[in-house]
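Handing you a structure now.
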There are 2 protein chains.
Amino acid sequence: MKRHRLQITLNDIAKELNVSVVTVSKALRDHPDISERTKQRIKKFANELGYTPNFSARNLSSRRSNTIGLIVPKIGNFFFPSLIKSIYKAANFQNYDVILMISYDDAENENRHLKTLLSMRVDGLLVAISEKTTDIQIYETIKKTGIPLVFFDRVIEGPEFSYVKIDDRQGACLAVEHAINTGYKRIAHLAGFKEINIGRDRCAGFVDAMKKHNLPVPENWIIEGSLNEEAGYNGFMKLCQNKNLPEIILTVTFSVAIGVFQAAIDLGLKIPEDIDVICIGEGPINPFASPSLSCVYQPIDEMGTKVVEVLIRQIQNLAAVPEQIILPPKLKVRETFVRQDEMAFPKR
Amino acid sequence: MKRHRLQITLNDIAKELNVSVVTVSKALRDHPDISERTKQRIKKFANELGYTPNFSARNLSSRRSNTIGLIVPKIGNFFFPSLIKSIYKAANFQNYDVILMISYDDAENENRHLKTLLSMRVDGLLVAISEKTTDIQIYETIKKTGIPLVFFDRVIEGPEFSYVKIDDRQGACLAVEHAINTGYKRIAHLAGFKEINIGRDRCAGFVDAMKKHNLPVPENWIIEGSLNEEAGYNGFMKLCQNKNLPEIILTVTFSVAIGVFQAAIDLGLKIPEDIDVICIGEGPINPFASPSLSCVYQPIDEMGTKVVEVLIRQIQNLAAVPEQIILPPKLKVRETFVRQDEMAFPKR
DNA sequence: TTGTACGCGTTATCAT
DNA sequence: ATGATAACGCGTACAA
């Protein structure tokens with residue numbers, strides 16, 4: 001299996017042009033050392049030969065990759081693809097390439113990807129942890145090694161870590177208060193697991209609002225589960241085993257809401273007539289589907305921009321201490337939906 | 001901006017353990033040369049130190065990356081995320097890491113990503129071209145350089161290229177014949193641009209079926225556009241400017257169908273009562289949304305598996321000539337929907 | 001302005 | 001079973 005793919009190197013160009021490797025290297029990188037004339041000559045020739053710099057060699061020698069690693073738990077929903085786009089945009093603007101990996105909400109995958117990205121010596125890491133991530137040892141190690149690391153959305157809390165996230169607690173609270181203002185009193189919550197900040201905080205916000213308005217929360221009206229459609233489906237089914245149904249359900253994510261819709265179909269329940277739904281986070285539920293799904297809007301674009309900002313500050317050693325940014329959510333009564341992914345993507 | 005991140009190297013371990021670098025290298029890679037005892041000793045120590053092999057150095061020295069580059073046009077729909085998952089699975093199973101890049105349907109992005117991946121010296125490339133890709137020069141160059149390259153779904157046709165795709169023409173034909181069998185005669189097509197195989201072939205299939213059944217196709221009932229929601233929205237609006245409306249519309253993609261649904265809402269048209277829709281490709285349109293959206297199912301999983309197979313064959317030089325695989329589509333009358341992205345993700 | 005020498009961390013080859 | 005040496009392709013420091 002010996003292959004000889006003739007990748008052009010600086011050496012090849014140098015020999016051919018009767019100059020030194022260094023000259024070629026500098027010329028191609030627009031180093032001021034080299035005269036405009038030779039630069040042009042070298043560039044032209046390199047181009048003709050189809051020269052592609054060797055990332056590894058460059059990386060090894062310069063000890064910089066100009067690359068940041070990005071790990072997300074999933075891409076099958078609305079939220080992360082939008083966020084990824086925003087991160088790409090911000091990173092490219094600063095001349096960083098992004099290497100994207102998907103953990104599929106699995107802690108082992110996440111670990112493996114972290115190691116791969118570390119071995120690539122990315123300049124920094126952007127991570128939204130998986131739902132299953134409980135062992136934070138690797139992150140402590142990374143922290144110790146000094147590699148810039150910023151969490152977003154799904155974060156590990158602790159003074160030593162940087163992150164950018166939504167104020168989930170307030171978000172949930174907003175949603176519930178909206179429901180209450182609309183006239184609902186019997187409210188249930190399909191929650192995320194307590195192990196992850198999102199599940200924890202949003203549930204706390206739910207409880208906050210209910211307490212504030214002196215509304216009771218039957219124990220079995222808070223159902224914990226994953227953050228995906230399946231959890232929504234199962235959670236709703238479970239909820240419906242009770243004799244007394246709530247009037248409205250707050251779901252921890254948009255995906256969970258989708259699952260609820262599906263379950264409602266299967267049970268022959270109409271939304272919002274029989275039971276209503278409100279959720280945190282939005283997505284491409286088609287407007288014709290539910291006339292009434294309100295939600296708490298997450299400032300996705302701002303989050304992407306901010307998290308890249310923070311990371312780059314760290315990469316450039318401008319941030320001495322961890323930064324923790326908490327963005328405000330906003331209530332949004334659904335009208336129409338614009339899919340961010342279809343927006344034009346600006347050039348670098 | 002001088003940073004000293006102490007990345008442990010083989011050398012560090014070697015010195016500390018009073019062995020040579022080579023021994024450490026071999027031990028960590030389970031080379032048969034090394035005795036079990038020293039292997040254990042070295043591995044244990046390396047672990048304690050948190051050693052992470054340097055991808056670049058390894059890559060440079062071994063001239064293999066064990067990595068394949070993957071470029072997709074978008075991730076904001078159902079199709080590509082599912083496909084990506086299937087590709088990941090297949091690639092990981094063969095011990096390849098995947099580096100994913102997104103072109104956002106922009107030819108420049110695609111080019112830039114290709115160069116980045118080439119510079120990383122990935123072992124092979126998997127590409128679904130952007131809607132805007134017309135200049136295929138870079139692919140010819142890549143082909144000449146001998147780097148394994150396999151297109152999927154959105155492909156560049158030509159005997160010199162390998163690809164795995166759906167039989168789009170037959171798919172469209174199937175869809176239209178289903179519509180005809182259902183009783184529809186007045187059928188329009190929101191098509192993709194002719195520049196891309198998908199737009200071309202699916203439109204041809206549409207025409208095939210109409211001709212076969214002696215049904216007329218008014219010129220303005222074939223409307224070309226992009227493959228996204230926006231195109232569906234605009235296309236439908238344009239279609240509705242005609243005096244005579246079709247009974248059903250075949251959309252080139254699922255995303256386009258979504259756009260049609262949205263436009264229908266805005267126009268106050270009911271689907272399927274006023275006008276029906278059928279499409280190629282499926283997605284998470286909620287079952288409660290449209291009782292009648294049938295579609296042509298694309299064997300996503302098989303496609304992902306196959307394309308990785310073909311690529312790895314090429315990487316291992318087992319395929320002397322380009323391979324072109326065309327998978328059969330299948331008509332699917334929608335009942336319920338299972339989101340592939342939420343399926344369990346098998347470990348490597 | 002151009003070139004020389006060396007090192008980056010790893011692996012392959014060839015000894016011992 | 002273990003080790004010395006030379007690459008891999010490029011960038012930096014310094015010399016010419």
Side-chain angles (χ1 to χ4, degrees), chain A residues 1-42 46 49-67 115-116 118-123 145, chain B residues 1-43 46 49-67 118-123:
Chain A
M1 209 174 84
K2 199 181 294 174
R3 285 156 296 139
H4 277 292
R5 273 171 213 136
L6 30 156
Q7 296 287 5
I8 315 294
T9 72
L10 290 186
N11 209 338
D12 300 334
I13 301 178
K15 271 192 219 149
E16 207 69 35
L17 256 45
N18 273 321
V19 291
S20 83
V21 187
V22 185
T23 307
V24 179
S25 168
K26 285 182 175 168
L28 292 179
R29 280 176 300 137
D30 261 331
H31 198 289
D33 271 5
I34 311 298
S35 75
E36 204 50 49
R37 237 185 94 259
T38 43
K39 263 187 200 170
Q40 292 312 324
R41 200 165 67 102
I42 292 177
L49 255 59
Y51 168 77
T52 317
N54 186 316
F55 173 87
S56 293
R58 183 171 271 185
N59 196 340
L60 193 58
S61 171
S62 70
R63 306 166 90 39
R64 309 202 67 233
S65 64
N66 251 284
T67 286
K115 282 184 186 146
T116 304
L118 287 178
S119 87
M120 288 179 166
R121 300 298 189 262
V122 293
D123 292 341
T145 330
Chain B
M1 208 173 88
K2 198 180 293 176
R3 284 156 295 140
H4 276 292
R5 271 168 215 139
L6 32 155
Q7 295 286 8
I8 314 292
T9 73
L10 291 187
N11 210 336
D12 300 334
I13 302 178
K15 270 192 220 150
E16 207 68 35
L17 256 44
N18 272 319
V19 290
S20 81
V21 188
V22 184
T23 307
V24 178
S25 170
K26 283 181 178 170
L28 292 178
R29 281 177 298 140
D30 260 330
H31 198 290
D33 271 6
I34 310 298
S35 76
E36 205 50 48
R37 239 185 90 259
T38 44
K39 261 187 201 170
Q40 291 314 322
R41 199 166 66 104
I42 292 177
K43 279 184 183 174
L49 257 59
Y51 168 76
T52 317
N54 185 314
F55 173 86
S56 292
R58 180 172 272 183
N59 196 338
L60 192 59
S61 175
S62 71
R63 302 165 102 10
R64 310 203 68 232
S65 64
N66 251 283
T67 286
L118 287 178
S119 87
M120 288 180 166
R121 300 297 189 262
V122 292
D123 291 340

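Here is how names work: the chains are called A, B, and so on, in the same order as the sequence lines, proteins then strands, and each is numbered from 1.
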So does B:E16 have more than 12 non-hydrogen atoms from other groups sitting under 6.0 Å from CD?
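Open.
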NZ of A:K39 versus P of C:dT1: gap in Å, rounded?
9 Å
Classify B:T38 by what it touches in the nucleic acid, base, sugar-phosphate, or nothing, heavy-atom distance under 4.0 Å.
sugar-phosphate
Atom pairs and distances, side-chain donor-acceptor, residues 22-30 of chain B, under 3.5 Å, sequence neighbours left out:
from	atom 1	to	atom 2	distance (Å)
B:T23	OG1	B:S20	OG	3.0
B:S25	OG	B:R29	NE	3.3
B:S25	OG	B:R29	NH2	2.8
B:K26	NZ	B:D33	OD2	2.9
B:R29	NE	B:S25	O	3.2
B:D30	OD1	B:K43	NZ	3.1
B:D30	OD2	B:K43	NZ	3.3

Taking only residues two or more places apart in sequence or in another chain, which ones pass side chain to side chain contact (heavy atoms under 4.5 Å, CB included) with A:T9?
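Testing A:T9 for side chain to side chain contact (heavy atoms under 4.5 Å, CB included), a comparison that skips the adjacent residues, returns A:N11, A:D12.
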May I ask you to verify whether the side chain of B:S62 and the base of C:dT11 hold a donor-acceptor pair under 3.5 Å?
no
Could you tell me the separation between the CZ atom of B:R63 and the C1' atom of D:dC10, rounded to a whole number of Å?
14 Å
Using whole Å, report how far CE of B:M120 lies from C1' of D:dG9.
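After rounding, the gap between these two atoms is 16 Å.
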Figure out the CD1/P separation between B:I13 and C:dT10, and round it to whole Å.
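Rounded to whole Å, this separation is 8 Å.
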The criterion is salt bridge (charged side-chain N to carboxylate O under 4.0 Å, His left out); which residues satisfy it with B:K15, sequence neighbours excluded?
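Partners of B:K15 under the salt bridge (charged side-chain N to carboxylate O under 4.0 Å, His left out) test: none.
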Which donor-acceptor pairs under 3.5 Å do side chains of residues 50-61 of chain A form with protein atoms, sequence neighbours excluded?
from	atom 1	to	atom 2	distance (Å)
A:N54	OD1	A:S56	N	2.8
A:N54	OD1	A:A57	N	3.1
A:S56	OG	B:N59	ND2	3.2
A:N59	ND2	A:M120	O	3.2
A:N59	ND2	B:S56	OG	3.1

Interatomic distance where CG belongs to B:N66 and C1' belongs to C:dT11 [whole Å]
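The distance from CG of B:N66 to C1' of C:dT11 comes to 14 Å, rounded to the nearest Å.
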Measure the distance from CG on B:N11 to P on D:dG3 and round it to the nearest whole Å.
13 Å
Looking at every non-hydrogen atom in both residues, tell me the closest pair between B:S65 and B:R121 and how far apart they are.
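In this case the closest contact between B:S65 and B:R121 is OG-O, 3.1 Å.
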Mind calculating the distance between CD1 (B:I8) and P (C:dT10) to the nearest angstrom?
10 Å
Please confirm whether the shortest side-chain N or O distance from B:S35 to OP1 or OP2 of D:dT2 is below 4.0 Å.
yes
Counting side-chain heavy atoms from CB outward, which of D:dC10, D:dG9, C:dT11 is closest to A:Y51?
D:dC10
Identify the heavy atoms of B:R64 and B:D123 that sit nearest to each other, and give their distance.
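Looks like NH2-OD2, 3.5 Å.
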Is the shortest side-chain N/O distance from B:T9 to OP1 or OP2 of C:dC8 below 4.0 Å?
no
Within residues 15-34 of chain B, find the residues that approach DNA chain C with a heavy atom at under 4.0 Å, and present them sorted by residue number.
B:V22, B:S25, B:R29
Axial bend angle, the helix from C:dT1-D:dA16 to C:dT16-D:dA1: five-pair end segments, nearest 10°
40°
Any non-hydrogen side-chain atom of A:I8 less than 4.5 Å from a side-chain atom of A:I13?
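Yes, side chains in contact.
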Mind calculating the distance between CG (A:N54) and C1' (C:dT10) to the nearest angstrom?
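That distance rounds to 13 Å.
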Got A:L118 and B:Q7 here, is their nearest side-chain heavy-atom distance under 4.5 Å?
no
